[in-house]
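Just follow the structure's listing: the first ligand is 1, and inside any ligand the first atom is 1. Counting from 1, the numbers follow the sequence of the chain as shown. From a predicted model like this one, the values you see are computed outputs, not experimental measurements.
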Amino acid sequence: MKVVLTIAGSDSSGGAGIQADLKTFEAFGVFGTSALTVLTAQNTQGVRDVLPVSAEFLKAQLEAIQDDFEISAIKIGMLYSNEIIDVVREFIKDLKTPVVFDPVFISKAGSKLLNDDAIENMKSILPYATVATPNLFEAKGMFDYEAGRDNKVITSPCAVVVKNHIVQTSIHKKSLDILMISGKKFNFISPYVNTENTHGTGCSFSSAIAANLALGKSLQESVEISKKFIHNAIVNAPHIGHGKGPIAHKIGAGLCQ
Ligand code: PXL
């Protein structure tokens with residue numbers, strides 16, 4: 001069985017962060033391991049508190065996993081502080097493993113998940129990543145990308161998927177993700193779903209890409225499967241919580257295999 005690693009934060013409400021990553025890995029049939037960067041006290045309505053793990057303890061988790069398993073892919077999620085970014089960069093620097101980097105800035109409920117003084121340092125992860133998966137807000141902060149402003153293809157040391165462009169055709173709204181790699185663009189489209197159940201979609205999307213890369217799929221195939229997975233998981237969301245509700249990982253993955 002392929003082993004994958006998520007380096008991310010804990011979401012006590014179970015819909016995003018490490019919990020979403022592990023549910024996604026399980027749903028795609030890979031074995032998930034995890035190194036926690038922060039603990040969050042949150043629910044579907046927002047983040048109430050954040051407790052960062054020390055740099056030493058994060059290192060200890062990473063080394064414990066590395067010493068025991070052959071890791072087939074790594075997903076990086078919430079990093080929060082400069083100290084944590086530095087530990088993660090040092091860990092992935094010399095690895096040959098595919099790395100999916102989700103540059104998390106804020107949660108779907110609008111809570112801040114990255115210190116302001118750490119935005120610049122996030123860019124130092126890019127040379128060691130296979131692909132980064134920013135939403136439009138994060139793409140503006142990381143790459144000065146603005147949808148529709150120009151037909152700009154992001155130049156980055158790694159591939160970039162910019163998520164969640166909303167496209168309005170004469171009849172339908174669609175959700176468009178654009179993969180940019182070596183100056184080329186590839187579009188991935190799903191029907192737009194008007195829903196509050198989007199908590200953890202970014203985390204789950206990036207972990208699905210990592211799972212599929214671990215299974216030997218190409219980057220384009222992995223993005224295509226992951227886009228379908230998120231759509232299916234949103235459509236089948238369990239409708240729990242009073243805010244931005246979680247998605248249905250297992251059903252979502254089952255429907256796109
Ligand atoms: O979806 C971004 C995200 C990442 N990591 C953690 C989160 C969230 C959103 O809530 O809680 C731990």
Closer than 4.0 angstrom: is that true for some heavy atom of Cys203 and an atom of ligand 1?
yes
Number the atoms of ligand 1 from 1 as they appear, then name those within less than 4.0 Å of a heavy atom of His199, with their elements.
10 (O)
Short list, please: which atoms of ligand 1 are under 4.0 Å from a heavy atom of Met78?
5 (N), 6 (C), 12 (C)
Which of the numbered atoms in ligand 1 are below 4.0 angstrom from a heavy atom of Gly9?
12 (C)
Please answer whether the main-chain N or O of Glu221 pairs with a side-chain N or O of Ser218 as donor and acceptor at a distance below 3.5 Å.
yes
Nearest neighbour in protein (non-hydrogen) for atom 9 (C) of ligand 1
Ser107 CB, 3.5 Å
Close N or O approach (Asp11, ligand 1; < 3.5 Å):
no
Taking the six-membered ring for Trp, are Phe28 and Phe229 ring centroids under 6.0 Å apart?
yes
Below a 4.0 angstrom heavy-atom separation, can you tell me which part of Leu113, side chain or backbone, both or neither, approaches ligand 1?
side chain
protein heavy-atom neighbour closest to atom 7 (C) of ligand 1 works out as Gln42 NE2, 3.7 Å
For this output row, return yes or no: ring centroids of His165 and Phe188 closer than 6.0 angstrom.
no
In terms of side-chain heavy atoms, does Asp21 have a donor or acceptor partner in Thr6 at a distance below 3.5 Å?
yes
Is there a chain of hydrophobic side chains (I, L, V, M, F, W, Y, each step under 4.5 Å between heavy atoms) that links Val223 to Val153?
no
Is the closest heavy atom of Ser10 to ligand 1 under 4.0 Å?
yes
Which atoms form the tightest heavy-atom contact between Cys203 and Asp102, and what is the distance?
N-OD2, 3.9 Å
Output, in order, the C-alpha distance, side-chain angles, deciding distance and verdict of salt bridge (Lys or Arg N to Asp or Glu O under 4.0 Å) for Glu224 and Lys228.
CA-CA 6 Å; Glu224 190 174 350; Lys228 285 189 186 143; 3.7 Å; yes
